[in-house]
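Take a look at the structure set out below.
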Amino acid sequence: MLSRISYFVCALLMLYASFSFYPKWKQGNSEATISWDASGYYWYLPAFLIYHDAKHQSFKDSIINKYHPTYDAQQVFMDSASGSYIMKYSSGVAVMSLPFFTAAHLLAGALGYPADGFSAPYQLSLQIGGVLVALLGLWFFRKFLKLYYSDGVVAIVLLILVFGTNYLNYSAIDTAMSHNWLFTVYVFLLLATHYYYQTPKVKYAVAIGLLIGLATLTRPTEIISCLIPILWGINSISFAVIKERFNFFKTHAAQLLITAVCAAAVISIQLIYWKYASGHWLVYSYQDQGFSWLRPHFYNYSVSFRSGWLTYTPMMVLAFVGIIPFIINGKNKVAILVFFLLNYYIVSAWDVWWYGGRAMVQSYPVLMIPIAALMEAMARKRILQIALIPMILVFVFMNIWITYAEHRNDIYVPDMMNKHYYKAVVGRFTINDEVWKLLDNQDELFTGTPKDKQLLYQNDFENDTTSHCTLPPISGTRSLCLDKEHKYSPNYTFAYAPGNLKWMRAEATFRRPNEDWDVWNMAQFNVKFYNKDKEIKIQMIRIDRFMHNRDARDIYLDVRTPPQPFDSVTILLYNGEKDKILEADNLKVWGFNE
């Protein structure tokens, strides 16, 4: 009964987050449901079923320009050998979301929307589909946990999962990403495996094969999901245990073959697509992105301030702590621990480690099992309750804060965080604009009153013939303007005689008619230090973070002077990649001390 109540409380939070707190399906551009990686997983459906142009992708530019799911066509890449475009991401999510795509496609025209795969009905349908899959997965996860743990422990685990981990974000907000769908796939794989070892029936063998195939079709590294049914029920490693498992497989060889055939049949969808698109059965579609198998990024992936899994989902520390009571009292130890550790290794070995903790979300059905063992131990021991309950409450607050800070006020900026910015904003729901500078400037945020202030350089651009302004000047008769064809300003360089100034402040008046909230396309204000033409230091801030409206605004950047000798300083402005304008005027550089 308690676990049922817990489930509905969790479901209400997920529904609130998805349809009220941050209805992603109502957002536009790179914040839409079908954007960034999600658009890549989904791209198969419009390519094949609407535009019938998976090879040449003649529709891609019009979609990018109209809906801006990404700032360029990152969903596909040109294969030089075949001359065809190939999808970067595997097709599993597209296969699973096909019913929701179909519903949207049937309704779009009737509702007066473009039937182009990206208009509002498609965004909403994919969001609804993701939430329904999440609710289904959570319900059956509850059923699975109840096979091994008490109703009260299951209730606590569900609350920890939804309120305390990044599963909330991927089950309710970023639902079109692969992680939410895979979570549910893993839940059904655990259930099918449990029932198969209770009663080895063909229907369970088929289900296991299809689920392993679907997981692998979604993310190829999920092939390790096969370890769960292979090792299930084993609690120790010995020759006798291995022999017993070998005999079991030998006895049920026909069912094992059925499982393999079912898995291969699903995986073949991707192989057939690769053969069709490139002429080859196997394609490494991530191009220059790969793994460092001998030097996995455990530290950076797990606890870095940039995007560490445990830094920003600290609740999952309990999974590691829970290994101890799980080893003592748990069941299926080898399957759970081998999968846990191997999956953690693979995720940490990925060289783009700063993609963060989302890559662990699909494995939470497995990782929550040691947490359940820890909660079971906590229920029996008062000392554990005293130690763990306050910790759990703090971790829940952290998860709610991060979810709010990422989507409601943009304080949490994935991939861009650093130690100094994190310490300045953690737990806060509002911050001073100046704190944003720490995202780019690390620890260089001057908060005192400048002393010994000296004007080192100024430029009002009145005599600057490089300006490309079509706007009225901010002041005077001329301002500097950068546009799509002229992304970079000239280098504004001045000589610097050796002195005792500890800081420099570059300031200017900026106007940005349309600010850009895609961090990789924001305009930049750069300060560079040189010694005999050798660059020894560079600092910058992204201007768009501070342009809250279209009015002109004074913005400054404080930079510590480098300890190495330098003889010149250069100011450089960059406009970003999109077709937007950056206007600047009244550039000044001051030197000062603390």
Side-chain angles (χ1 to χ4, degrees), residues 41 44 87 89-96 98 137 140 144 178 181-235 237 239-278 280-285 291 293 331-343 345-347 362-363 365-366:
Y41 285 107
Y44 290 85
M87 314 283 187
Y89 301 94
S90 298
S91 57
V93 173
V95 170
M96 289 186 281
L98 178 59
F140 280 94
F144 169 76
S178 64
W181 298 79
L182 280 169
F183 177 96
T184 298
V185 169
Y186 269 100
V187 167
F188 284 117
L189 177 60
L190 288 169
L191 276 170
T193 300
H194 168 84
Y195 289 124
Y196 178 77
Y197 278 96
Q198 281 198 331
T199 310
K201 294 182 178 180
V202 171
K203 65 178 181 178
Y204 299 130
V206 169
I208 289 170
L210 294 176
L211 291 164
I212 291 172
L214 191 54
T216 307
L217 185 66
T218 304
R219 288 169 65 93
T221 52
E222 304 305 328
I223 187 66
I224 64 169
S225 60
C226 69
L227 294 173
I228 293 173
I230 289 173
L231 300 175
W232 197 256
I234 299 176
N235 289 303
I237 298 295
F239 178 78
V241 169
I242 294 173
K243 182 179 179 181
E244 180 184 355
R245 181 51 51 98
F246 176 79
N247 289 333
F248 177 86
F249 286 148
K250 184 177 179 181
T251 302
H252 301 90
Q255 294 179 357
L256 187 63
L257 179 61
I258 290 172
T259 297
V261 169
C262 289
V266 177
I267 295 170
S268 70
I269 295 172
Q270 192 65 38
L271 305 183
I272 293 169
Y273 163 71
W274 281 332
K275 181 66 174 176
Y276 160 78
S278 72
H280 301 284
W281 288 107
L282 292 175
V283 174
Y284 187 75
S285 59
F291 297 86
W293 297 115
K331 297 179 180 179
N332 311 301
K333 295 184 181 71
V334 175
I336 299 302
L337 294 178
V338 168
F339 176 85
F340 184 166
L341 297 176
L342 181 59
N343 180 67
Y345 166 70
I346 292 172
V347 168
Q362 61 261 32
S363 62
V366 176

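- Sorted by first then second residue, the salt bridge (Lys or Arg N to Asp or Glu O under 4.0 Å) pairs that include residues 207-234, not counting sequence neighbours, are Arg219-Glu222.
- Taking CG of Leu214 as the reference point, atom OG1 of Thr184 lies at 10.5 Å (rounded to 0.5 Å).
- A 4.5 Å side-chain heavy-atom check between Trp232 and Ile336 finds at least one atom pair inside the cut-off.
- A side-chain donor-acceptor contact under 3.5 Å links Tyr44 to the backbone of Tyr89.
- A centroid separation of 6.0 Å or more is found between the aromatic rings of Tyr195 and Phe144.
- For the atom pair CG of Leu189 and CD1 of Ile208, the computed distance is 6.5 Å after rounding to the nearest 0.5 Å.
- The closest donor-acceptor contact from the side chain of Asn343 to the backbone of Phe339 lies at 3.5 Å or more, if one exists at all.
- Val283 is not listed as a side-chain neighbour of Tyr273, based on a closest heavy-atom distance of 4.5 Å or more.
- Within a 6.0 Å radius of OH in Tyr284, more than 12 heavy atoms belonging to other residues, nucleotides or ligands are found.
- Below 30°, between 30° and 60°, or above 60°: for Tyr345 and Trp293 the angle between ring planes is between 30° and 60°, a tilted geometry.
- Residues satisfying the ring pair (Phe, Tyr, Trp, His ring centres under 6.0 Å) criterion with His252, sequence neighbours excluded, are Phe248.
- Residue Gly233 comes nearest to Asn332 through the heavy atom pair N-OD1, 2.9 Å, listed as atom of the first residue, atom of the second, then distance.
- By the neighbour-count criterion of 12 heavy atoms within 6.0 Å, atom CD of Glu244 is sparsely surrounded, having that number or fewer from other residues, nucleotides or ligands.
- Looking at Leu217, Leu211, Ile212 one by one, the single match for side-chain contact (heavy atoms from CB on, under 4.5 Å) with Val185 turns out to be Leu211.
- Taking every heavy atom of both residues into account, Ser90 and Tyr41 meet most closely at O-CD2, 3.7 Å.
- Shortest non-hydrogen contact noted between Ile228 and Ala335 is O-CB, 3.9 Å.
- Tyr196 is linked by a ring pair (Phe, Tyr, Trp, His ring centres under 6.0 Å) to nothing, counting only residues two or more places apart in sequence or in another chain.
- With values rounded to the nearest 0.5 angstrom, Arg245 atom CZ is found 11.0 Å from Ile242 atom CD1.
- Side-chain atoms of Leu191 and Phe140, non-hydrogen and from C-beta on, do get closer than 4.5 Å to each other.
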With side-chain contact (heavy atoms from CB on, under 4.5 Å) as the criterion, how do Leu210 and Phe188 come out once you've worked through the C-alpha distance, each side chain's angles and the decisive distance to 0.1 Å? CA-CA 10 Å; Leu210 294 176; Phe188 284 117; over 6 Å; no
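- To the nearest 0.5 Å, atoms CG (Leu98) and OG (Ser91) are separated by 11.5 Å.
- Under the 3.5 Å distance criterion, the side-chain polar atoms of Tyr197 are matched with a main-chain donor or acceptor of Pro229.
- Scanning all heavy atoms of the two residues, the minimum distance from Cys262 to Val206 falls at SG-CG1, 3.9 Å.
- Taking 4.5 Å as the limit, some side-chain heavy atom of Met96 sits within range of a side-chain heavy atom of Thr218.
- Considering CZ of Phe249 and CD1 of Ile230, their distance stands at 6.0 Å, rounded to 0.5 Å.
- Scanning both residues, Pro365 and Val187, for their nearest heavy atoms gives CG-CG2, 3.8 Å.
- Between the side chain of Gln255 and the backbone N or O of Pro200 there is at least one donor-acceptor pair closer than 3.5 Å.
- Of all heavy-atom pairs between Tyr186 and Gln362, the closest is CD1-O, 3.3 Å.
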Given Ile224 and Ile346, is the side-chain contact (heavy atoms from CB on, under 4.5 Å) satisfied, shown in steps? CA-CA 10 Å; Ile224 64 169; Ile346 292 172; 3.7 Å; yes
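- We find the OG-CG distance between Ser363 and Leu342 to be 11.0 Å, quoted to the nearest 0.5 Å.
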